Amino acid sequence: MISTQLIIFCINPRCNNPINPMGDSVCASCQTPLVHRYLWATGSLSAQISPGTKVADRYEVIKQQIWLDTQPGLPPDVPEELPTAVIPYLRLYQERLHLPQAYGFASNLEEDEDTTDILLLENAPIDKTGNIYPTIVEAWEQATAVRQVYWLWQILQLWTPLSELGLSHSLLLADNLRVQGWCVRLLELYQTPADEKLSLQNLGECWQFWVVSAKASVAKGLQNIVQQMCETEIELEAINIQLNNLLLAAAAELPLVLKVAGSTDIGPIMAQNEDACYPNTLSDLDEPLLRHLSIVCDGIGGHEGGEVASQLAVQSVKLQIRALLAEVTEQTGLVPPELLQEQLEASLRVVNNLICARNNEQKRQGKERMATTIVMALQVPQRVQTSTGWQSNNTHELYLANVGDSRAYWITRNYCQLLTVDDDVATREVRFAKSLYQKALFRPDASALTQALGTRNSESLRLKVQRFIVEEDGILLLCSDGLSDNNWVEQSWQNYAIPVLTGQLTIEDAVRNWINLANEKNGRDNTSVVLTYCRVSPEYIVPVTPALPEEIIEAEIQEEEEEQAKQEQEELQEPTSFTESSQTLLDLDLDLGIPEEPILSPDIPPTLITKPNRGKRLVMLGGVLALLVGGTSLGLFAWWQINPQGFQQMCRQLPQRVRQLCLPGE
């Protein structure tokens, strides 16, 4: 039927007057933020329903196939037995940054209409006003050179997971490929016809029409890659390497200035702070890792448990990243992203085993075991020759890893993107194709964690490290659930991030403002916030002052690079040091003979670290790290703490470059 009044219901179940005009930001009765959830209605039937129609007395048809859920506080209709068509969306939930997710089903109940259920998708490429994002074709010619390559690189990363489920046809439909700034997003998933066998040749043919109008600095490289895809039976890995090299060379043309600030707060109610973060207020200003590494951990296990686990994780990660970055600077060629991802995964397994060993030593069982969530971001400053031929000191690579429900967001002036996926029961139900996400949220244990560092041995961890390219001005926000609970980041980002991006607020003040918001709205928990302001634009904005002239901009960039080089040189010469409180916190007495326990859950297969033979020296202590992860429950730092002589003997057998990191006095 045709609706006469556009209304939306408040999601607060205790609201006395939940009906509000559509478009209002908060409920007039209870001041709860109103949720405007725009959905993509799939199928030919939905395309025939006219805008202005209200379906199932709930969904407003705003535009063709774009519906608004006017009662977002209620669970959507979901059949008891999930249809086959919805399963791929659930299996690919980890790719939610690029793919829509199944929301629910709706039936057109008009008597003269087909009553076939219509699948509704959330997280579709639709903006906050109900407008669909442009296609790659529409945005291509206006995009920068690096963004053009970045879009193609993202499509290539989706090729394998979609092909494994018979969905690669989804990447060949130009109208299905939408872009939200840097990010490629699909409208929906399409099954590849049974009589078609798609290959990279089909993908290359699709790209041919785009690369003709690519920016001059990358056009030749893209045309060469696409020609190989179309004319030869080239392997995916070979194309991936070439496209990655072109992407990093294009990104390195841009300047990159990083400013980082972080803080943790106990909150108005909690008795102790189990969170930890890096950097933390003024205590880490001289750290050589500053600007490249950010960490937020939310401890689990109560007093003398949660805060120990979170602090231990931060200090251990810092130690390992120092070694990793020092090794990267020594490489003569680009370190492949797969290898860097493997090393970050290995770092988290070391941290996990270190906390797990502490639990075993103290005979902690069940809920008494201390653990921690973690979200960490690492900006890796590799050197590369740019597309125009000069040597750059930074490839603009950003790696992101998380375990638990601490989150990462990317925020620009135009949008806020959640980059991570929570490890909780609701997510697990979706990933195992047992439930749609919105339905799973109504479980009483929906927010219970399924993963954290320290609860079990490292083989039980299911890790995913993401790689991004910093190619636009933005803010990377890492936070614990003290801030992210109840979607306060999604609801408030414009008020708290845009003033930083427009030069009206310092990043340090923004951290404090975010924490104040968390204490006001979610005050029953600790809160940690770390912000990284990434600037690639030539304009340099100082808060509350005019922009600097061009010559000062260049001097600022040069100063940043010289300071970075100086800090890297100091890092090679000085031993890693810890504060007295850190030493006390990490003073472990671990048992080297703790056996590895088998994975008992059939739902979580064991994850093994396998290092391919690339003919290169392995980054970050190479086989030693693999031994620490796979063979014992002891972390690198713990080994040094309890057996310094044995640790030194091991280090003396390593190559000189690595030995200097372990034994800086030599």
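Given the structure is predicted, the values throughout are model-derived calculations rather than measurements.
Pairs of residues two or more places apart, or lying in two chains, that qualify as salt bridge (Lys or Arg N to Asp or Glu O under 4.0 Å) and include a residue from residues 393-406 are Glu397-Arg467. Residue pairs meeting the side-chain hydrogen bond (donor to acceptor under 3.5 Å, both in side chains) criterion with at least one member in residues 25-35, sequence neighbours excluded, do not occur. Here ring-ring contact (aromatic ring centres under 6.0 Å, His included) pairs that include residues 488-509, with residues two or more places apart or in two chains, are Tyr496-Trp514.
Listed for the Thr420 side chain is a donor-acceptor partner under 3.5 Å among the backbone atoms of Ala408. A donor-acceptor contact shorter than 3.5 Å is absent between the side chain of Asn486 and the backbone of Ser484. A side-chain donor-acceptor contact under 3.5 Å links Arg185 to the backbone of Asn123. At distances below 3.5 Å, not a single donor-acceptor pair connects side-chain atoms of His396 with backbone N or O atoms of Ile469. When atom types are taken as modelled, the side chain of Asn353 and the backbone of Ser458 share a donor-acceptor pair closer than 3.5 angstrom. Distance alone, capped at 3.5 Å, places no donor-acceptor pair between the Arg443 side chain and the Asp445 backbone. In terms of modelled atom types and a separation under 3.5 Å, the side chain of His36 and the main chain of Leu68 share no donor-acceptor contact. Between the side chain of Asp473 and the main chain of Arg535, no donor-acceptor pair closer than 3.5 Å is present. Of the possible polar contacts, one joining the Asp69 side chain to the Gln71 backbone as a donor-acceptor pair under 3.5 Å is found. The backbone N or O of Leu90 sits nowhere less than 3.5 Å from a side-chain atom of Tyr437 that would complete a donor-acceptor pair.
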* To do: Walk me through it: do Asn280 and Ser263 pass the test side chain to side chain contact (heavy atoms under 4.5 Å, CB included)?
  => CA-CA 5 Å; Asn280 186 1; Ser263 186; 4.2 Å; yes
* Asked: Hey, mind stepping through Asp298 and Ser480 against side-chain hydrogen bond (donor to acceptor under 3.5 Å, both in side chains) and telling me if it holds?
  -> CA-CA 6 Å; Asp298 185 354; Ser480 59; 4.9 Å; no
* With side-chain hydrogen bond (donor to acceptor under 3.5 Å, both in side chains) as the test, would you mind laying out the steps for Glu307 and Gln272 before giving the verdict? => CA-CA 8 Å; Glu307 76 273 19; Gln272 69 270 341; 5.5 Å; no
* To do: For side-chain hydrogen bond (donor to acceptor under 3.5 Å, both in side chains), just list the numbers for Ser316 and Gln320, CA-CA rounded to whole Å, side-chain angles, deciding distance to a tenth of an Å, and then say yes or no.
  => CA-CA 6 Å; Ser316 179; Gln320 295 178 78; 3.1 Å; yes
* Can you list the steps and then say if Lys521 with Asp485 is a salt bridge (Lys or Arg N to Asp or Glu O under 4.0 Å)? -> CA-CA 9 Å; Lys521 303 297 185 180; Asp485 273 356; over 6 Å; no
* Given Val421 and Arg431, is the side chain to side chain contact (heavy atoms under 4.5 Å, CB included) satisfied, shown in steps? -> CA-CA 11 Å; Val421 176; Arg431 192 166 49 86; over 6 Å; no
* Asked: Checking salt bridge (Lys or Arg N to Asp or Glu O under 4.0 Å) for the pair Glu95/Lys464: CA distance, chi angles, key distance, verdict?
  -> CA-CA 11 Å; Glu95 303 291 344; Lys464 179 182 180 182; 3.3 Å; yes
* Asn414 and Thr412: CA distance, side-chain angles, deciding distance, side-chain hydrogen bond (donor to acceptor under 3.5 Å, both in side chains) verdict -> CA-CA 5 Å; Asn414 300 315; Thr412 71; 4.7 Å; no
* Given Leu461 and Arg349, is the side chain to side chain contact (heavy atoms under 4.5 Å, CB included) satisfied, shown in steps? -> CA-CA 8 Å; Leu461 285 177; Arg349 295 185 193 279; 3.8 Å; yes
* Before giving the answer on side chain to side chain contact (heavy atoms under 4.5 Å, CB included), spell out for Glu490 and Tyr409 the whole-Å C-alpha distance, their side-chain angles and the decisive distance to 0.1 Å. => CA-CA 9 Å; Glu490 290 88 340; Tyr409 297 84; 3.3 Å; yes
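Nearest heavy atom pair, residue Cys416 against residue Val489, reads SG-CG1, 4.1 Å. In this structure, Pro125 and Leu187 approach most closely via the heavy-atom pair CG-CD2, 3.8 Å. Smallest separation of non-hydrogen atoms from Asp422 and Arg407: OD2-NH2, 2.8 Å. Across Tyr89 and Ala102, no two heavy atoms sit closer than the pair CB-N, 4.1 Å. Nearest heavy atom pair, residue Leu478 against residue Ser294, reads CD1-OG, 3.2 Å. Nearest heavy atom pair, residue Asn526 against residue Ile266, reads ND2-O, 2.8 Å.
For Asp509 and Thr506, the side-chain atoms include at least one donor-acceptor pair closer than 3.5 Å. Side-chain atoms of Ser310 and Thr372 form no donor-acceptor pair, as typed in the model, at a separation below 3.5 Å.
Remark: Asp423 engages Arg462 in a salt bridge, criterion side-chain N to carboxylate O under 4.0 Å. With salt bridges taken as basic N to acidic carboxylate O contacts below 4.0 Å, none links Glu429 and Lys439.
Taking the ring pair (Phe, Tyr, Trp, His ring centres under 6.0 Å) definition, one finds that Tyr38 meets it with nothing, sequence neighbours left out. Residues forming a ring pair (Phe, Tyr, Trp, His ring centres under 6.0 Å) with Tyr399 (at least two apart in sequence, or on another chain): none. Shown here are the side-chain hydrogen bond (donor to acceptor under 3.5 Å, both in side chains) partners of Thr427, two or more places apart in sequence or in another chain: Asp424.
Pro381 pairs in a side chain to side chain contact (heavy atoms under 4.5 Å, CB included) with only one of the listed residues (Leu258, Asn394, Asn393), which is Asn394. Here the rule is ring pair (Phe, Tyr, Trp, His ring centres under 6.0 Å) with Trp182, and of Tyr415, Phe468, Tyr133 only Phe468 fits it. Val375 pairs with exactly one of Leu400, Val530, Val403 by the side chain to side chain contact (heavy atoms under 4.5 Å, CB included) rule, that one being Leu400.
Taking CG from Leu517 and OG1 from Thr527, the interatomic distance works out to 9.0 Å, rounded to the nearest 0.5 Å. Within the model, atoms NZ of Lys128 and CD1 of Ile126 stand 15.0 Å from one another, a figure rounded to the nearest 0.5 Å. Taking CD of Glu472 as the start and CG of Leu254 as the end, the distance is 11.0 Å to the nearest 0.5 Å. Interatomic distance, OG1 of Thr373 versus CG of Asn402, reported as 9.0 Å (0.5 Å rounding). Expressed to the nearest 0.5 Å, how far CG of Asp265 lies from CZ of Arg512 amounts to 5.0 Å. Interatomic distance, CG of Leu158 versus CG of Leu99, reported as 6.0 Å (0.5 Å rounding).
Atom CG of Asn16 sits in a sparse spot, with 12 or fewer heavy atoms from other residues, nucleotides or ligands closer than 6.0 Å.
Cys534 places a side-chain heavy atom less than 4.5 Å from the side chain of Trp410.
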